[in-house]
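Below is one structure, written out as structure tokens; the observations come after it.
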2 protein chains.
Amino acid sequence: MTPPSKQPASPKQAVRRRARLDALLDPDLLKVLAEPTRARLLSCLLKCGRPCSVTEIAECCSIDFSVVSRHLATMARAGILDADKQGRTVWYAADGDALAEHFRDLADAIDELRPDDDACASGACGC
Amino acid sequence: MTPPSKQPASPKQAVRRRARLDALLDPDLLKVLAEPTRARLLSCLLKCGRPCSVTEIAECCSIDFSVVSRHLATMARAGILDADKQGRTVWYAADGDALAEHFRDLADAIDELRPDDDACASGACGC
DNA sequence: TGCTTGGTGGCGTCATGGTGCAAGTATAGT
DNA sequence: ACTATACTTGCACCATGACGCCACCAAGCA
């Protein structure tokens with residue numbers, strides 16, 4: 001019933017600990033990225049390096065038009081894409097810098113947690 | 001019909017371009033992280049900084065036992081957790097280093113794509 | 001051989017959400 | 001006004017998967 005070696009905190013203490021990680025490990029954002037079709041579209045936009053219209057993207061991915069429209073709107077709502085409507089066409093662009101920064105922050109937040117764990121034992125948190 | 005400004009590649013070229021990003025933006029991994037309950041369990045394990053048993057974790061998160069067991073197994077299968085079965089108890093531990101590294105690689109892969117785009121115009125890819 | 005503990009797996013239920021079609025809206029051009 | 005373009009949205013269908021209950025199995029112990 002005891003862990004294999006002397007270790008920092010019990011899970012009960014750990015859950016109650018508030019950490020930057022909990023904000024960054026945001027299920028809403030990750031869910032948006034976790035859908036294969038959306039990942040393709042995002043990757044395409046990042047590779048492209050310029051704003052693209054819904055039509056352009058739909059053409060090259062052989063996905064139904066309405067599907068692409070919905071996915072791009074979803075990603076824009078999640079803050080992953082910038083949408084710029086000019087006349088009747090909408091230019092979507094991926095904000096690569098912001099996305100990269102988010103992932104780096106996430107990595108940093110994970111590093112912060114490692115065996116510096118006295119903070120953990122103090123039990124100041126809220127999960 | 002033309003983009004608002006002079007820009008690197010067309011989406012048709014972009015999709016065909018093979019990039020490190022496509023491997024790292026793995027929907028299977030992201031889907032595992034995108035589930036709120038799993039995110040809580042993972043965060044708990046990372047904060048804890050030591051291997052925990054299924055029972056321990058289930059106790060502190062007021063979630064049905066079998067649910068926790070399934071989620072931990074799922075994450076282990078995805079490579080996010082290490083599972084170490086000793087006797088009848090299984091010790092799950094989060095590999096924080098690997099996870100942080102993955103996110104940093106992802107960030108780097110995104111950075112790689114920005115307007116250096118001549119690679120993009122060459123059209124050597126496969127989406 | 002039983003009994004308990006720690007965990008897994010099956011099943012039914014339910015909610016979420018991705019997809020394609022078709023209809024609707026809004027903008028631009030003639 | 002008419003038409004074409006560029007999206008958006010409603011709808012029905014379907015697949016996935018999270019959840020809790022319960023039955024099971026496997027390991028340790030008396």
Side-chain angles (χ1 to χ4, degrees), chain A residues 1-4 10-12 25-45 51-78 80-93, chain B residues 1-4 10-12 25-45 51-78 80-93:
Chain A
M1 188 59 115
T2 42
S10 79
K12 285 202 182 178
L25 207 57
D26 176 22
D28 288 329
L29 175 67
L30 292 173
K31 229 178 277 178
V32 170
L33 295 173
E35 213 283 320
T37 308
R38 271 195 295 266
R40 269 175 69 198
L41 300 178
L42 175 62
S43 169
C44 181
L45 273 166
C52 296
S53 70
V54 178
T55 319
E56 274 182 315
I57 299 181
E59 271 171 2
C60 70
C61 293
S62 52
I63 303 170
D64 186 273
F65 204 58
S66 65
V67 172
V68 173
S69 170
R70 266 189 289 248
H71 278 316
L72 294 178
T74 300
M75 289 194 278
R77 238 179 291 119
I80 298 171
L81 302 183
D82 293 325
D84 178 25
K85 181 158 191 167
Q86 288 185 5
R88 51 187 170 184
T89 107
V90 182
W91 299 103
Y92 281 102
Chain B
M1 189 60 116
T2 42
S10 80
K12 284 201 181 177
L25 206 56
D26 176 21
D28 288 329
L29 175 67
L30 292 173
K31 230 178 278 180
V32 170
L33 296 173
E35 213 282 319
T37 307
R38 271 194 297 266
R40 268 176 67 198
L41 300 178
L42 174 63
S43 169
C44 180
L45 273 166
C52 297
S53 70
V54 178
T55 318
E56 273 182 315
I57 300 183
E59 272 171 1
C60 68
C61 292
S62 55
I63 302 170
D64 187 273
F65 202 59
S66 65
V67 172
V68 173
S69 169
R70 268 190 288 250
H71 278 315
L72 294 177
T74 300
M75 290 195 276
R77 240 180 290 119
I80 298 172
L81 302 183
D82 293 324
D84 179 26
K85 180 159 193 166
Q86 286 184 7
R88 51 188 169 182
T89 107
V90 182
W91 299 102
Y92 282 104

Between A/Ser66 and A/Arg70, does the side chain to side chain contact (heavy atoms under 4.5 Å, CB included) criterion hold? Intermediate values first, please.
CA-CA 6 Å; A/Ser66 65; A/Arg70 266 189 289 248; 3.4 Å; yes

Quickly work out the [X] [atom1] to [N] [atom2] distance and round it to whole Å.
{"X": "B/Glu56", "N": "C/dT5", "atom1": "CD", "atom2": "P", "answer": "16 Å"}
{"X": "A/Arg38", "N": "C/dT16", "atom1": "CZ", "atom2": "P", "answer": "15 Å"}
{"X": "B/Gln86", "N": "D/dA26", "atom1": "CD", "atom2": "C1'", "answer": "16 Å"}
{"X": "A/Leu41", "N": "C/dT19", "atom1": "CG", "atom2": "P", "answer": "9 Å"}
{"X": "A/Tyr92", "N": "D/dA6", "atom1": "OH", "atom2": "P", "answer": "15 Å"}
{"X": "B/Asp28", "N": "D/dG17", "atom1": "CG", "atom2": "C1'", "answer": "14 Å"}
{"X": "A/Lys85", "N": "D/dC7", "atom1": "NZ", "atom2": "P", "answer": "9 Å"}
{"X": "A/Met75", "N": "D/dT8", "atom1": "CE", "atom2": "P", "answer": "13 Å"}

Report the nucleotide, chosen from C/dG20, D/dC7, D/dC19, that has the shortest atom-to-atom distance to any side-chain atom of A/Asp64.
C/dG20

When you look at A/Val68 and A/Thr37, which way does the side chain to side chain contact (heavy atoms under 4.5 Å, CB included) test go after all the steps?
CA-CA 9 Å; A/Val68 173; A/Thr37 308; over 6 Å; no

Under a 4.5 Å cut-off applied to non-hydrogen side-chain atoms, are A/Leu42 and A/Leu33 in contact?
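They are in contact (side-chain heavy atoms under 4.5 Å apart), so the answer is yes.
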
Does the side chain of B/Thr74 come within less than 4.5 Å of B/Glu35's, by heavy atoms?
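No, their side chains stay 4.5 Å or more apart.
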
Establish, with yes or no, whether the OP1 or OP2 oxygen of C/dG29 is under 4.0 angstrom from a side-chain nitrogen or oxygen of A/Arg88.
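No, no such contact exists.
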
Establish, with yes or no, whether the OP1 or OP2 oxygen of D/dC19 is under 4.0 angstrom from a side-chain nitrogen or oxygen of B/Thr37.
yes

Output for pair (B/Leu81 CG, B/Arg38 CZ), nearest 0.5 Å, gives 10.5 Å

Rounding to 0.5 Å, atoms CD1 (B/Ile80) and CG (B/Leu72) come to a distance of 11.0 Å

Stepwise side chain to side chain contact (heavy atoms under 4.5 Å, CB included) test for B/Tyr92 and B/Ser53:
CA-CA 6 Å; B/Tyr92 282 104; B/Ser53 70; over 6 Å; no

For DNA chain C, determine which residues of residues 65-72 of chain B have any heavy atom closer than 4.0 angstrom to one of its atoms, and list them numerically.
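B/Phe65, B/Ser66, B/Ser69, B/Arg70 - these, ordered by number, are the residues of the stretch whose heavy atoms sit under 4.0 Å from the strand.
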
